[in-house]
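Single-structure report; data block below.
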Amino acid sequence: MGEGILSRSDVAVRESAAGFTRRGGWLHADSVALADIARLAGTPTYVYSASAVRAQYARLDAALAGVPHRIHYSVKANGNLALLSLLRQLGAGVDIVSGGELYRARAAGFRGSDVVFSGVGKTVAELDDAVQAEVKLVNVESEAELRLLDDIARLHRRVAPVALRVNPEVEVETAHHYTRTGARGDKFGIPYDEARGVARLAGSLPNVALAGLDMHIGSQLTRIEPYADGLARLLELRDAIVADGGGARLRYLDIGGGLGVTYDAESEADLDAFARIVVPAAKKSGLELVMEPGRFLVGNAGVLLTRVLYRKRSGGKDYVITDAGMTELLRPSHYNAFHRIEPVGPSGVAGVVDVVGPVCESGDFFARDRSLGDVVPGELLAIGSAGAYGSVMSSQYNARPRVPEIIVDGERVAVARERETVEDLVRHEKASPQWRTL
Ligand code: LLP
């Protein structure tokens, strides 16, 4: 802390003046003072650094350079159209999980061939959209989904390229068990011992083509060994499929997302070690590597900017009450997740406080028993690592309009999403509903 909201491992980013750094005591996004952004947009507001996104994309792309690959950004991490457009310009494709995300992706200029479609419960309408959009891959998660997709593709006289999302059943450590997805018995993917049979079925269905194998083992992974274990299982499955005569159209090896970032003092996933595992394996397989990173690309490229409303003491505790709450950033409340919090301006001696929001829930907190610079009401705080799973998980609970998203690039600033209004809150509601009988 003190140096800026980026952590030690982001030194390279800091040196290129990307991301969040302290200048003259004041936190900046790239070259723009967060205090100026608060004046422009009000608080709370999200602030993203385009150059931080670029830097992360370049790092990952370089790490995978030894093998044909495409980075399909996972839209669920942050679906803001300005960020999607930025990533598209960098060369990314997208990984989506709903018809809504398909709509977003296309609104940001992606074509069907840029899209891989993941998700455990795709509806008929969503599969229909995906077939019509001619997505690059539908990552199917069950035999029933495969059959349904074949039916839908037949109606459109198309052959839909599919990847089997396999549950590789590997041991994964993540900060919270909600973000583990690749263990035996999880709801995600085709159970490993059934995958060969589902591949045979795919071979027999005329309107799907088995084009890939896919896994996603969890999120915020800081150890990379599970990727090696998962990859080994995918490649073992591939050999079995080839032995069954079903490998002719196999082209993609999709290893999902999950690369962790630094929220606190934990180390970031070791990219070099990751590349040493993934690149040779992908190369040997002869398949094109697909990755679906979300958090890695945008997590540390965003902060939530909030203003201190009040301070109070209760039961021997010091509370700092902010104008942002769990409605804007749910992660602390939902996963007990750690997010760094720093005063935006210079601040005095630290005290130990709870930083809490204004929402009427005891679970509405950002930090408990946290050492924080001595801030007074009216001062600004920046909540770090909020670029991924921040705005997208926000809600209007307590009739709180969703907050803006501001994007900074060097010295320039743009509104990437306007603040919602109270009219937006009731737009689809009826004070006098039209009653009828069905
Ligand atoms: N691909 C699939 C199939 C996924 O399910 C996910 C994330 C990703 C890619 C991207 O994972 P990432 O690279 O961002 O780790 N809301 C939670 C995270 C949920 C992740 C769900 N799946 C959080 O705030 O930590």
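Hydrogens, waters and symmetry mates are skipped; everything else that's a heavy atom, side chains included, is used. As the structure lists them, so they are numbered: ligands from 1, and atoms in each ligand from 1.
- At most 12 non-hydrogen atoms from other residues, nucleotides or ligands lie less than 6.0 angstrom from NZ of Lys283.
- The shortest contact between atom 14 (O) of ligand 1 and any protein heavy atom is with Tyr389 OH, 2.6 Å.
- Scored by the salt bridge (charged side-chain N to carboxylate O under 4.0 Å, His left out) test, Asp254 finds no partners at all (sequence neighbours excluded).
- Side-chain contact, Arg340 with Ser385: a donor N or O sits under 3.5 Å from an acceptor N or O.
- More than 12 heavy atoms of other residues, nucleotides or ligands shown are found within 6.0 angstrom of CZ on Arg158.
- Contact annotation: Arg165 has at least one heavy atom less than 4.0 Å from an atom of ligand 1.
- Of the options Glu292, His216, Met291, the smallest heavy-atom separation from atom 5 (O) of ligand 1 is shown by His216.
- Taking every non-hydrogen atom of Pro293 and a distance limit under 4.0 Å, the qualifying atoms of ligand 1 come out as 13 (O).
- In this structure, Ala388 has no heavy atom closer than 4.0 Å to ligand 1.
- Ring to ring, His28 and Phe20 are not that close: their centroids are 6.0 angstrom or more apart.
- Between Ser49 and the options Asp409, Asp30, Asn300, a side chain to side chain donor-acceptor pair (under 3.5 Å) holds for only Asp30.
- Distance from atom 24 (O) of ligand 1 to its nearest protein heavy atom, with residue and atom name: Arg331 NE, 2.6 Å.
- At a heavy-atom cutoff of 4.0 Å, ligand 1 is contacted by no atom of Val97, backbone or side chain.
- Within 6.0 Å of CD in Glu418 there are 12 or fewer heavy atoms belonging to other residues, nucleotides or ligands.
- No side-chain donor from either of Tyr389 and Gln220 sits under 3.5 Å from a side-chain acceptor of the other.
- A side-chain N or O of Arg331 and one of His339 form a donor-acceptor pair less than 3.5 Å apart.
- Shown in contact with Lys76 at under 4.0 Å from a heavy atom are these atoms of ligand 1, numbered in order with element: 1 (N), 2 (C), 4 (C), 5 (O), 6 (C), 7 (C), 8 (C), 9 (C), 21 (C), 22 (N).
- Within the 4.0 Å heavy-atom cutoff, Ala77 does not count among the residues contacting ligand 1.
- Taking 4.0 Å as the cut-off, Tyr335 counts as a neighbour of ligand 1 on heavy-atom distance.
- Of the protein's non-hydrogen atoms, the one nearest atom 15 (O) of ligand 1 is Ser219 OG, 2.4 Å.
- The atoms of ligand 1 that sit less than 4.0 Å from any heavy atom of Gly258 are 11 (O), 12 (P), 13 (O), 15 (O).
- Those atoms of ligand 1 with a heavy atom of Arg295 less than 4.0 angstrom away are 12 (P), 13 (O), 14 (O), 18 (C), 23 (C), 25 (O).
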